[in-house]
Amino acid sequence: MVSNTGGGYSFHKDPQNRRVTRYRYNNIPMDRPGRYIYIRNKDTGEYWNPGYQPVQKKLDNYSCRHGLGYTVLTGEYQGVIGEVTYFVPDDKNFELWLVKVSNTRSIKQNLQVFAYSEFCFWDAIMDQQNVDWVQQINQGRFNDGIITWHPHHISDNAAFFATGERVSSFDTNLETFIGKYRSESNPIAVEQGGCSNSISYRTNGVGAFCIDCDLGPNEERELVFVLGFAEERSEIKNDIKEYLLPENAKAAFGRLQSSWVNYISKLSVETPDEDMNLFVNIWNQYQCKTTFNWSRFVSMYQLGLGRGMGIRDSAQDTLGVMHTIPEEAKELIIKLLKCQYTDGRAYHLFFPLTGEGGQGDAPVKKFDWYSDDHLWLILAVNAYIKETGDFDFLNMEVPYNDKITSQTVMEHLDKALEFTNNNRGPHNIALAGRADWNDTLNLDTGKGVAESVFTSMLYCRALLEMIEILEFLKKTDMIEKYTNMYEDMKKAINDTCWDGEWYKRAFDDNSQPLGSKENKFGKIFINSQSWAVLSKVAENGREVQSLESVEKYLNSKYGIVTMYPAYTEHDTTKGGVTTYPPGAKENGGIFLHTNPWVMISEVMLGNGDKAYMYYNQILPGKRNDDAELYEVEPYVYCQNILGKEHPQFGIGRNSWLSGTAAWNMVASSQYILGIRANYDSLTVDPCIPSSWKGFKATRVFRGATYNIEVQNPNRVCTGVAKVIVDGVETEKIPVFETGTEHNVVVVMK
Ligand code: GLC
């Protein structure tokens with residue numbers, strides 16, 4: 001992770017157990033430490049950083065560019081330009097800092113370059129908890145351009161910082177480099193113009209190099225630094241050797257760019273909306289890879305400590321990358337299936353390094369499970385099969401979390417459905433457990449009768465998806481079983497959860513409703529409206545009315561809030577949601593993850609203008625001119641925006657790791673633009689704004705390339721009049737041979 005001024009930290013595979021560098025959360029001064037390059041003028045003694053921090057010298061120029069998998073910081077001071085490119089090459093266990101220093105003046109400038117990174121003990125929790133032990137055991141060494149940092153008792157592993165340049169001096173001890181009562185802003189080593197060659201036998205570690213860098217008139221020089229983690233200390237030299245040369249580092253950078261271009265090349269669109277194009281083609285896809293990799297575990301907001309990767313989160317994250325890396329998605333789905341108990345429910349989370357499962361934070365009363373986790377697996381598996389046609393996956397044996405019992409994927413999914421079916425409450429709908437998608441609705445107080453309307457709807461959606469697969473496979477008996485389960489739940493929901501203008505959200509442990517006009521707070525919730533449509537539970541006008549109520553009571557100019565009115569006081573019968581101030585997070589905030597569900601629902605009802613309106617109002621790119629209020633990055637979705645009941649309405653919080661990424665990818669590409677993978681075909685069924693003349697798209701599906709042109713001569717939102725594939729009108733857009741290219745014209749009604 002790299003901030004716009006070089007702040008941030010590194011880890012290897014697991015941010016909790018393999019932390020390489022430290023980061024001081026909630027620190028003042030903020031955003032420290034980081035990966036710093038100091039440039040010092042030997043004649044004047046002045047020093048500065050290309051990324052502004054931590055010296056904060058007023059630079060003549062500064063820029064930060066975050067690209068796909070890399071960050072470039074550039075600063076200019078007194079005729080010297082310093083540029084640092086940070087990236088991880090070729091899936092290696094290290095990162096490269098490619099530094100370029102240019103003298104733009106026609107006189108010689110005598111310079112030094114210092115490179116700096118502060119090490120962490122691997123176990124990032126222990127690093128904070130047991131300062132005595134950690135500081136006694138850590139050891140820093142220097143040998144042949146490589147600084148290693150490792151605990152005394154673990155002989156082979158090491159974090160390291162290395163360079164191929166001639167090292168004038170180095171430090172491995174943090175206190176020696178910084179000096180007493182100083183900070184990263186004025187390290188004694190930089191001030192004095194040289195490190196002390198300190199070997200650290202205890203305390204805190206640093207990787208610090210001083211390199212002489214005198215530059216003649218208009219001369220420039222490139223230097224490479226490598227920061228990483230090694231299982232075997234003895235192998236570091238070999239591993240990094242090739243990358244120490246600037247031309248090789250640059251070649252690796254080229255490969256990195258190609259691999260990202262390849263990743264985003266499976267889908268690209270050309271719509272009348274430039275921001276939408278940027279998101280669908282690049283940034284939304286990029287964010288989806290990040291959430292796929294890290295779920296909600298590690299970002300500048302999620303600290304990578306304790307929490308692990310969420311089962312429900314990761315299952316949903318696979319939906320955002322399915323069109324481009326389905327095989328990787330399959331690997332993750334298998335890991336998630338391994339987190340299932342033999343009764344069908346699942347762990348709440350797992351840790352990537354060890355694969356171990358965990359329980360999450362919601363209080364355990366009568367139940368120790370979340371009611372929804374296991375059900376998301378069905379959506380993920382179905383999406384995978386549609387993308388790949390790999391029905392065999394259903395027959396693959398996967399162990400449960402007891403590591404003894406193995407069953408086929410199909411049986412895992414059946415167990416998941418059975419678990420919900422077997423755990424129903426007084427209204428015959430799904431028990432709420434510790435929580436559902438909304439982690440903060442903790443309704444179980446020990447009686448064990450609280451129920452979730454949302455989980456019941458998700459269960460219905462999962463059943464529909466299962467039936468869809470089985471219909472394709474023509475498995476009649478199972479279709480009948482699941483159809484009965486579906487109808488049974490649908491009836492229960494419609495009989496007991498309709499509130500007059502919308503669907504109720506839940507029943508607490510005293511069987512009191514949430515999301516009803518009878519409630520003082522939380523009269524209406526978003527999810528039981530969108531999922532009423534997604535699950536096709538709502539009919540006879542209820543589907544229309546539910547969505548109208550969403551717009552009427554929950555929408556705002558920055559997005560749709562989770563519920564209204566927000567709770568103003570703590571209420572133990574509702575749990576965590578009532579601990580947030582009104583308008584924050586799940587308590588009436590704009591929890592963005594829920595918004596694409598409304599977009600999809602609008603599409604399902606044929607309302608392209610509405611779906612696009614909802615898409616547009618939360619598109620980060622549209623907030624670019626509003627950055628002073630919005631605060632967070634305009635190129636990725638954040639998790640939440642403070643809602644209309646909050647005094648700071650409109651501020652975005654917790655960017656990057658959010659299910660918003662995957663679901664907006666799905667909502668925009670598969671529903672608004674309507675390009676959906678199917679078991680035996682590709683569907684193009686748009687539901688767009690009526691003002692659009694049409695759009696173009698390129699989609700790679702099972703290895704073949706489809707150049708799609710959608711024409712909307714009568715300016716409708718939805719409805720396809722004809723589909724022409726390679727000049728021939730057809731019903732279905734078929735699967736073609738890998739490597740072939742085809743033209744698809746879709747004419748709307
Ligand atoms: C967080 C959790 C996610 C949950 C959401 C709503 O993003 O990681 O699992 O669904 O909050 O509570």
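For reference, positions follow the sequence shown, starting with 1. Any value given below was found using the heavy atoms of this structure, including those in side chains, with hydrogens, waters and symmetry copies removed. Counting starts at 1 for both ligands and their atoms, in listed order.
A cation-pi arrangement is present between Lys644 and Tyr564 under the rule of less than 6.0 angstrom and at most 45 degrees off the ring axis. A cation-pi arrangement is found for Arg676 relative to Tyr671, the charged atom lying closer than 6.0 Å to the ring centre and inside a 45° cone about the ring normal. A cation-pi geometry, defined here as NZ or CZ lying under 6.0 Å from the six-membered ring centre and within 45° of its normal, holds between Arg623 and Tyr558.
When only interatomic distances are considered, the shortest N/O to N/O separation between Thr440 and ligand 1 does not fall below 3.5 Å.
Between the side chains of Lys365 and Asn442, no donor-acceptor pair is found at a separation under 3.5 Å.
Nearest to atom 11 (O) of ligand 1 among the protein's heavy atoms is Phe591 CZ, 3.4 Å. Ranking protein heavy atoms by distance to atom 12 (O) of ligand 1, first place goes to Glu586 OE2, 2.5 Å. In terms of protein heavy-atom proximity, atom 2 (C) of ligand 1 is closest to Asp439 OD2, 3.4 Å. Of the protein's non-hydrogen atoms, Gln639 NE2, 3.7 Å is the one closest to atom 1 (C) of ligand 1. At the shortest separation from atom 10 (O) of ligand 1 among protein heavy atoms lies Trp437 O, 2.6 Å.
Tyr615 is linked by a ring-ring contact (aromatic ring centres under 6.0 Å, His included) to nothing, counting only residues two or more places apart in sequence or in another chain. Under the rule for a side chain to side chain contact (heavy atoms under 4.5 Å, CB included), the partners of Leu319 that lie at least two apart in sequence or sit in another chain are Ala383, Trp663, Val666.
Around atom 3 (C) of ligand 1, the closest heavy atom drawn from Asp361, Asp372, Asp313 belongs to Asp313.
For the pair Asp509 and Lys574, the salt-bridge criterion is not met [side-chain N within less than 4.0 Å of a carboxylate O].
Between Arg307 and ligand 1 there is a heavy-atom distance shorter than 4.0 Å.
Close approach of ligand 1 to Asn438 is summarised as follows: ligand atoms under 4.0 Å from at least one heavy atom of the residue are 12 (O).
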